[in-house]
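I have placed the structure first, in the form of structure tokens, so that the comments after it can refer back to it.
Numbered from 1 within each chain, the chains take letters A, B, ... in sequence-line order.
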There are 2 protein chains.
Amino acid sequence: MMRCVRQNKPFASGKRFILPQAVHVRDKNMNQPLEALRALMAERQIDAYLIAACDFHQSEYTCSHFWATRYFSGFTGENCTIVITANEACLWTDGRFFVQAEAQMDENFTLMRMGVKGVPTVTEYLQEKLPAGGCLGFDGRMMSTHDKKGMEEKLEAKGIRFAWEEDLADMVWPDRPDIQPAPVFELELCYAGESVESKLSRLRQTMAEKKADAHILTSLEDIAWLLNLRGGDIPCTPVFYSYVLLTQETAQLFAFPEAFPEDIQKKLAGYGVSLHPYMDAFEAVSALRDGSRVLLDEWKVSISMEKCLPAGCEVVNSPNPTWAMKAVKNETEQACWISSHIRDGVIMVRFMKWLKEHVGKEEITEISASEVLDEMRRNAPLNKGLSFETISAYGPNAAMMHYTSTPETNVPLKPEGFYLVDSGGHYLDGTTDITRTFVLGPLTQEMKLHFTAVARGMLNLANAKFLYGCSGQSLDYLARQPMWDMGINYRCGTGHGVGFLLSVHEGPQGFYFMSRFRASTGTALEPGMIITDEPGIYIDYHYGIRTENELMCVKDEENEYGQFLRFRHVTYCPIDLDGIDTQYMSEKEVKWLNEYHAQVYDTLKDHLSEEEAAWLKEATRPAAKAG
Amino acid sequence: MMRCVRQNKPFASGKRFILPQAVHVRDKNMNQPLEALRALMAERQIDAYLIAACDFHQSEYTCSHFWATRYFSGFTGENCTIVITANEACLWTDGRFFVQAEAQMDENFTLMRMGVKGVPTVTEYLQEKLPAGGCLGFDGRMMSTHDKKGMEEKLEAKGIRFAWEEDLADMVWPDRPDIQPAPVFELELCYAGESVESKLSRLRQTMAEKKADAHILTSLEDIAWLLNLRGGDIPCTPVFYSYVLLTQETAQLFAFPEAFPEDIQKKLAGYGVSLHPYMDAFEAVSALRDGSRVLLDEWKVSISMEKCLPAGCEVVNSPNPTWAMKAVKNETEQACWISSHIRDGVIMVRFMKWLKEHVGKEEITEISASEVLDEMRRNAPLNKGLSFETISAYGPNAAMMHYTSTPETNVPLKPEGFYLVDSGGHYLDGTTDITRTFVLGPLTQEMKLHFTAVARGMLNLANAKFLYGCSGQSLDYLARQPMWDMGINYRCGTGHGVGFLLSVHEGPQGFYFMSRFRASTGTALEPGMIITDEPGIYIDYHYGIRTENELMCVKDEENEYGQFLRFRHVTYCPIDLDGIDTQYMSEKEVKWLNEYHAQVYDTLKDHLSEEEAAWLKEATRPAAKAG
């Protein structure tokens, strides 16, 4: 599952929501809510109103309560910022969504193609359009302190005032859905591998090191990890809406108490964690002792919450310590990870076998194929749903990096060309994320060249040996080299961390050659980290190829030069040899391909029927280096 | 010429000074100046006094006036910080200098091996040793605002006071040499390629963009570049001690007026640049209009100078705009660069031929060999001296990355093993920096493996094709991969920028896999940048191998994915084929080696005698891929 290249947004991603049908197809003229909003703006002398697709926690994915950008614009892509002025309405999204935005977007909106030459950023647009001394409005609970400061810096020269106290969107959105808290459940120690007491103690120790009296934790994944609890408030992301306020003596959890079964409430009390209503968090922050040093992450904490801090408090701005802690999987988590990925690998192999054997013989469409795959996952032991909506894309549809098949776009799979499937499951013992591109029939030589290049990129990166201190930024080139050598690029990062029954995209580690992401900047890879390796080639209107394995960072030799590290593949599914032409590969690359395939076969063979194992043996046969 | 891995020091480097003989061998007990300093410290209630090897400009290399660390410690390595307390004297340097420091260091000093586990950093040492409320002394003109802030942050918890107003070293150093200003000369437009007016105008435009009323420029290389002037105040670095204070209307140059010939003084006046005595710079800063916005680089401007700013001034802290400007060579500079490197290549080829033909037949030592090479450079057209002291190292001596042969260490070259020579010249039309390791006789198979790995690393990096936006951090792995695959590392960056008749080490670009250097962090490579590519293998007590080419960044194709870039070799000298074993190389690597050698031959052949050309043809013969 790819993550996108998005300025100033560390968690931007290609993940798609599972959309309620109702939202998907809509009237193309939404003038009415826009005019209602403009009326409110005029009353308040607000010159521009900004709404971004996020929630109070800077979550990557959100629940329908927060889908205001969709309400106003019709566009369902998750990377979306809209700005409304008295006579303009503009929508920013990135290259993955240009086609989709054009199709879905309300006709009153103008599409601002992020990253395209000559297209202003949101801030540049505001710099230009806002009158000197003008007013920019937004819901301060939705904007991180970091983002607000960034805008402020750019807009202060024009004396722009910010009105962040009111959620105007809410006032003109009559049927706005509430947050629907799902039941919270415990992730047992046999999966989590570390007790809540131990996690709290480690976190408090870090607070002490940073001389912080209090810590405001607002990231939903971090809270879930810290408390070994999971929820279901956001599609495909088993978290629960909540805030945590921690001191050395107290731990307050602000959430929807009705979602917490009695035994969990008791356990929480046992850890010294008191449970309070969700929205009381703001008041609790206001009640912090004046003069406290408060550890918080300005990229995650909203400006509304930071404004609640008593004036004498000192902010210790730092990434949440839990961000880095949860990225390094402990030994139990690592063992569980392998188990869940073996089960998921069996599913992928069965799906691949079924698909390759049935395509062209019966009607299979993008949607019906993904239904087959999703059903297999949902029926698997320990499954807790999909980790994101399956991307099931045939032919030209796969050239759109974040395509989701809909009844309107759904096409039958023909026994020719490429079919790309990017999918994953949540399990009690881990979360999977795998992309395979399957060859359904004849390919041109250029398609083979491209397919082989993508496999080479994935393998080159996976086989890196590197000194401790290397970040994903320093290794990213390995995956891109085969593409760049041909003058081709994929417009996204090469890989991301994966949460343990949390968000499928997790930081801080990441593969990306530029330091634009907060994620990939200087975060050294650590043994126990999981990171995806997913290069691709996307040829507009023709096809898309992506091959994605998850890698686990492990120790290699330690000597006088330091600790060397390497990766271990933890995704088990053949790379379709029908697309590989070894004339484009070095001997080393062929060796790596064969080693990986041997690993897939050896790992899965005992979990398959005899027929399946025989099929897998053939699908993972050693390739020979061609002239 | 390597640059080192030095914390918080962007310009740290392996460059060696040409040492006056007097400094080189000295009494091992320097108790007297130490005690004199301690007496002054006691008078002033200073608990620790810090002296670093630098000057008022945070120059990488300095003149003898600034060699206080040598005066007190006896150690001549350029990466050196000493801290003296009432009963301790400690000296920090990095791994390149451990052996040398042990040999030279006064016995009253304790060596603090930077980067070695358990050894505290300077600041950690001070944190531990200074009493609460204690006082740390240093010469504020020698410490950058950036470094001071960094220390302050760490030491504030203990309430440490800084006494930065006095240069105590000066008071106990009776024979301290003065700065000896050498005559300043003009770099003509046919070499510089851009007029002073144009450079001043570009710089003032950047000031305007940053809304800066004034700009304090203290980097000697930047000043020399800006004014198309060169000097000779620092060995191997043709700069002149000076400061510049710039506004939109005025330009003040603070330097040693006696060093400026009349015609240059006139030209400066013509550009609107007024010339003032060197030390008047501090007063001029004090006289800035209160309330000014002052652009300066806190990594370069000393705390003494920043303290001169009127209290109402606002600092705009940013790398000096000239830093990035001068790194991108203009078309004239690029053409000149090639010319000077062809002449330098001819010298290197002649030296290589002479050496390979004469070793074992006549007495050649490290020193006599470097004298031969240096003499050839000094006699070359347009030469302005060496760009750094030649590293001429045979056998085990080359394992010390920054070895300089001295009469005590000098050894004869035998017809066996490796000889490493890292050298370069300054020319009116450019500055060269090249390392070659020559095979003087039989090698073990492991030596061939290592030699070939170093060549592969150099070639792999040199042949990268990459998208605009890539920094040296993202490409560094390519050079290291052959070494890392064997569990070997070189403990320095892979490459650095090169100044145009300025410092041989220049930023902001650099190859290094970690973002520790300011240099390599996020600085995208630009067409016109020069960068060295110099991987190596150093086997303690056995041998050292380094192969260094300069690369020029040039444009490759531009398409819908953006602008692709690549490198062009601009160093012309064979890689000794006697050390290459193609069984360790991929076909692609053999191809790259052969392409490079063909380029060397084609570029140089017409500049050589018939006999030399024939020899070069053989030395650059195509290698064949071995089993």
TODO: Please state whether the rings of B:F513 and B:W484 are parallel, tilted or perpendicular, taking 30° and 60° as the class boundaries.
DONE: perpendicular
Open item on the list: At a heavy-atom distance under 4.5 Å, which candidate from A:E560, A:R566, A:K211 has the highest pair count against chain B?
Closed with: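 It is A:E560.
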TODO: Could you check if a side-chain atom of B:Q509 sits within less than 4.5 angstrom of a side-chain atom of B:E526, using non-hydrogen atoms only?
DONE: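 No, every pair of side-chain atoms sits at 4.5 Å or beyond.
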- [ ] Please look at A:N559 and chain B and tell me whether the side chain, the backbone, both or neither of the residue comes under 4.5 angstrom of a heavy atom of that chain.
- [x]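 Contact with chain B involves the side chain of A:N559 alone.
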- [ ] Identify which part of A:L478 has an atom lying under 4.5 Å from any heavy atom of chain B, answering side chain, backbone, both or neither.
- [x]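 Just its side chain gets close to chain B.
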Open item on the list: Hydrogens and angles aside, do B:T452 and B:D581 bring a side-chain donor and acceptor to less than 3.5 Å of each other?
Closed with: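 No pair is found: no donor N or O on one side chain lies under 3.5 Å from an acceptor on the other.
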TODO: Scan side-chain atoms only and decide if B:R546 and B:Y538 contain a donor-acceptor pair under the 3.5 Å cut-off.
DONE: yes
Sort [X] into side chain, backbone, both or neither according to what part of it lies under 4.5 angstrom from a heavy atom of chain A.
X: B:Q481; result: side chain
X: B:L467; result: both
X: B:M483; result: neither
X: B:F466; result: both

Task: Greater than 12 external heavy atoms within 6.0 Å of B:E209's CD - done: yes
Open item on the list: Could you work out, with side-chain hydrogen bond (donor to acceptor under 3.5 Å, both in side chains) as the rule, every residue matching A:Y477, not counting sequence neighbours?
Closed with: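 side-chain hydrogen bond (donor to acceptor under 3.5 Å, both in side chains) list for A:Y477, sorted by chain: empty.
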